[in-house]
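To start, the structure itself, in structure tokens.
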Amino acid sequence: MKFAFIGQDIPTLLPTLLTDLLFAGKEAADVWVEESNPAMQDVLDRYGKAIILRSKLPATITVSAERSQVLQGADCVLYAGDVQPASRFAMDRGALAGTDEKDPGLTEQARVNGGIGGLMHTLRAGEAVLNLCEAMQEHCPEALVINLGQPVARTTDLFLHQGFRCFALGRNPMRGANGVDSLCKKMSRKPDTVHAETAGLPGFAFLTELRDKATGKDLLPQMKERAEKEELGRLSRRWLDWYGALPVGDVTDHAEFLPAQPDYIPEEEPVFGETVEQRKERILHMNTIGTYGASSQDGAMAQVVLLSKAPPIRPMKLALALLRKEDLDMEAVTRRNDGELPQLPGYAIIESRLTLKAGEVVPHQWLLPGALAEVCGEIAETNALAAQAAAGDRSALRECVELDPALAGLDRLYCQDLIDKMIELHRDVLPRL
């Protein structure tokens with residue numbers, strides 16, 4: 001079984017990818033990693049070989065700058081790329097800024113995943129995804145895609161429209177600020193004592209069920225009561241009032257897909273990928289393992305540190321279940337709707353628990369409150385149009401601007417004119433438009 005790992009976030013994810021593949025999955029896979037930097041090639045190669053040696057499986061790892069070699073005959077392509085560096089985001093923010101305090105412009109639209117900023121992010125990310133798809137169509141046309149590329153709903157749509165079977169994982173609503181684990185702490189409960197279900201869209205997920213595993217007691221009314229008292233923050237209270245459902249995950253993600261909020265200002269300098277300090281630390285630990293081996297005391301400690309700092313997503317668990325046609329139950333998986341949320345169009349890219357039986361999807365058909373289903377439908381349509389625009393469809397771009405709920409209350413013609421100018425600003429990376 002051959003896996004192709006592509007994208008600038010792969011080095012950060014490699015410790016968990018190899019651990020889940022070799023130790024949890026017991027899969028003696030042929031792993032290929034795309035990496036253009038010669039120094040980093042050496043780091044990843046020595047690290048990967050040390051981990052494989054520790055596993056005692058006849059697996060292999062090859063790190064190469066040649067995409068055609070990395071992709072050739074791959075059974076699964078794991079894409080973990082995001083082409084939006086801080087410099088591109090700063091260009092967007094500058095273009096959206098006004099002239100003075102009395103003319104702030106549209107800086108609140110300088111967002112990562114929604115609104116005007118999210119659209120520009122999508123256009124740039126789409127170019128990278130489409131280039132990858134063209135190479136995959138030549139070298140591994142039947143490959144399964146596991147997508148971690150942001151904005152995840154829109155990049156997933158692009159892979160699907162290019163004919164690939166694609167599942168994705170975004171920021172897990174079970175973890176972090178206002179994640180299910182945080183909600184459990186507010187109730188003085190351990191997360192493993194609670195059964196939670198979330199459903200919605202990537203970055204726009206809501207809690208549909210919260211029960212005590214032992215007794216079956218419904219805990220959702222208790223959490224809604226806390227939200228109504230603003231114990232979960234003003235935004236959570238607002239979304240609950242508007243949609244009759246409790247947002248889960250970082251609620252600032254939800255705000256990105258909605259009109260400007262008076263008490264929410266997007267970050268001026270969001271972090272994309274690792275910081276310089278994090279990268280140096282990761283390389284240090286990888287070099288330790290590559291030099292002394294994963295079985296040495298220093299190597300074992302370095303691996304523990306690497307795993308502790310890795311994101312909580314488990315893409316290899318998902319990939320192996322799909323490829324081996326195994327049973328799986330995994331929370332917060334992004335994919336095409338196909339009836340999972342029956343109030344939304346079948347083409348919508350949704351996020352909810354994924355259940356597989358012998359590798360085939362078993363639909364749950366979660367029902368959302370009417371107001372929530374309505375706004376999810378609007379955002380899903382915007383996501384689909386943004387993905388079409390990234391493929392070079394100017395009419396889809398115009399329609400996306402017309403329909404995007406994040407632009408409610410703004411002059412849509414002005415927004416369109418501004419976006420056209422921003423496209424010219426980024427012309428060097430947007431040849432399709």
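In this chain, numbering begins with 1 at the start of the sequence shown. None of these values were measured; they are calculated from a predicted model.
In terms of the salt bridge (Lys or Arg N to Asp or Glu O under 4.0 Å) criterion, R165 has no residue partners (sequence neighbours excluded). Residues passing the side chain to side chain donor-acceptor pair (under 3.5 Å) test with N337: none are found, sequence neighbours excluded. Residues passing the side chain to side chain donor-acceptor pair (under 3.5 Å) test with E138, sequence neighbours excluded: none. Looking at residues two or more places apart in sequence or on another chain, you find no side chain to side chain donor-acceptor pair (under 3.5 Å) involving D181. Taking the salt bridge (Lys or Arg N to Asp or Glu O under 4.0 Å) definition, one finds that E127 meets it with R432, sequence neighbours left out. Listed by chain and residue number, E381 satisfy the side chain to side chain donor-acceptor pair (under 3.5 Å) test with Y347 (two or more places apart in sequence, or in another chain). Residues satisfying the salt bridge (Lys or Arg N to Asp or Glu O under 4.0 Å) test with E378, not counting sequence neighbours, are none. Residues that satisfy the ring-ring contact (aromatic ring centres under 6.0 Å, His included) test with H364, not counting sequence neighbours, are W366. Partners of E360 according to the salt bridge (Lys or Arg N to Asp or Glu O under 4.0 Å) rule, which considers only residues two or more places apart in sequence or in another chain, do not exist here.
Between L341 and Q365 the shortest side-chain heavy-atom distance does not fall below 4.5 Å. Residues L407 and I116 have side chains in contact (heavy-atom distance under 4.5 Å, counting atoms from C-beta outward). Residues T155 and Q150 form no side-chain contact, since every pair of their non-hydrogen atoms from C-beta on lies 4.5 Å or further apart. L44 is not listed as a side-chain neighbour of I10, based on a closest heavy-atom distance of 4.5 Å or more.
Of the charged side-chain nitrogens involved, at least one lies within less than 4.0 Å of a carboxylate oxygen, so that R88 and D428 count as a salt-bridged pair. Using a cut-off of 4.0 Å between Lys/Arg side-chain N and Asp/Glu carboxylate O, R67 and E34 are scored as salt-bridged. A salt bridge between E197 and R211 is absent, with no side-chain N of the basic residue lying under 4.0 Å from a carboxylate O of the acidic one.
The environment of NZ in K213 is crowded: more than 12 heavy-atom neighbours from other residues, nucleotides or ligands sit within 6.0 Å. Enclosure of atom OH in Y292 is not indicated, since only 12 or fewer non-hydrogen atoms of other residues, nucleotides or ligands lie within 6.0 angstrom. Within 6.0 Å of atom CZ in R279, 12 or fewer heavy atoms from other residues, nucleotides or ligands are found, so the atom counts as exposed in its surroundings. In this structure, R54 places its CZ atom where only 12 or fewer heavy-atom neighbours from other residues, nucleotides or ligands lie under 6.0 Å away. For CD of E231, the number of neighbouring non-hydrogen atoms (other residues, nucleotides, ligands) closer than 6.0 Å is greater than 12. Dense packing is recorded around CG of L284, with more than 12 heavy atoms of other residues, nucleotides or ligands lying under 6.0 Å away. In this structure, E142 places its CD atom where only 12 or fewer heavy-atom neighbours from other residues, nucleotides or ligands lie under 6.0 Å away.
Considering every non-hydrogen atom in both P202 and I349, the closest pair reads CD-O, 3.6 Å. Of all heavy-atom pairs between L22 and E27, the closest is CD2-O, 3.5 Å. Closest of all the heavy-atom pairs between R171 and E351 is O-OE1, 4.4 Å. Of all heavy-atom pairs between D393 and L433, the closest is N-CD2, 4.4 Å. Taking each heavy atom of L258 and V375 in turn, the nearest pair found is CD2-CG2, 3.9 Å. Contact between A390 and L130 at its shortest, heavy atoms only, is O-CD1, 3.6 Å.
A donor-acceptor contact shorter than 3.5 Å links the side chain of R111 to the backbone of A255. Side chain of Q278 to backbone of T275: a donor-acceptor contact under 3.5 angstrom is found. Not one N or O on the side chain of E66 forms a donor-acceptor pair closer than 3.5 Å with the backbone of S68. A side-chain donor-acceptor contact under 3.5 Å links Q343 to the backbone of L368. Using a distance-only test at 3.5 Å, with no hydrogens or angles considered, no donor-acceptor pair links the side chain of E209 to the main chain of L207. Formation of a donor-acceptor pair under 3.5 Å by the T122 side chain with backbone atoms of A387 is not found in this model. At least one donor-acceptor pair closer than 3.5 Å links the side chain of E256 to the backbone N or O of N113. Within the 3.5 Å criterion, the main-chain N or O of L13 finds a donor-acceptor partner in the side chain of T16. Proximity of a side-chain donor or acceptor of K2 to a complementary backbone N or O of Q72 within less than 3.5 Å is detected.
In this structure, CD in Q303 is found 10.5 Å from NE2 in H285, a value given to the nearest 0.5 Å. Q84 CD to F89 CZ: the interatomic distance, rounded to the nearest 0.5 Å, is 7.0 Å. The distance from the CD atom of Q41 to the CZ atom of R46 is 13.0 Å, given to the nearest 0.5 Å. Annotation: the span from T107 atom OG1 to D92 atom CG amounts to 12.5 Å, rounded to 0.5 Å. Atom CG of residue L210 and atom NZ of residue K224 lie 10.5 Å apart, to the nearest 0.5 angstrom. Taking CG of L367 as the start and CG of L372 as the end, the distance is 11.5 Å to the nearest 0.5 Å.
A side-chain contact (heavy atoms from CB on, under 4.5 Å) with C166 holds for exactly one of T156, D157, T334; it is T156.
Side-chain contact annotation: N178 with S236, donor-acceptor N/O pair under 3.5 Å present. Counted by atom type alone, S296 and D298 present zero donor-acceptor pairs between their side chains at under 3.5 Å. In summary, the side chains of R335 and S352 do present a donor paired with an acceptor at a separation below 3.5 Å, with no hydrogens or angles considered.
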Let's go through L344 and L201 carefully: what are the C-alpha distance in whole Å and the side-chain angles of both, what is the deciding distance for side-chain contact (heavy atoms from CB on, under 4.5 Å) to 0.1 Å, and is it a yes or a no? CA-CA 10 Å; L344 301 186; L201 311 177; 4.1 Å; yes
Before giving the answer on side-chain contact (heavy atoms from CB on, under 4.5 Å), spell out for D42 and D45 the whole-Å C-alpha distance, their side-chain angles and the decisive distance to 0.1 Å. CA-CA 5 Å; D42 180 64; D45 182 72; 5.5 Å; no
Would you please test D75 and L144 for side-chain contact (heavy atoms from CB on, under 4.5 Å) and show each step? CA-CA 6 Å; D75 298 289; L144 166 72; over 6 Å; no
When you look at Q137 and Q162, which way does the side chain to side chain donor-acceptor pair (under 3.5 Å) test go after all the steps? CA-CA 9 Å; Q137 285 159 354; Q162 294 302 307; 3.2 Å; yes
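Residue pairs meeting the ring-ring contact (aromatic ring centres under 6.0 Å, His included) criterion with at least one partner in residues 3-29, sequence neighbours excluded, are absent. Screening residues 195-216 for ring-ring contact (aromatic ring centres under 6.0 Å, His included) gives F204-F206, F204-H254, F206-H254 as the qualifying pairs, with residues at least two apart or on separate chains. A side chain to side chain donor-acceptor pair (under 3.5 Å) check over residues 308-318, counting only residues at least two apart or in different chains, returns the pairs D20-R314.
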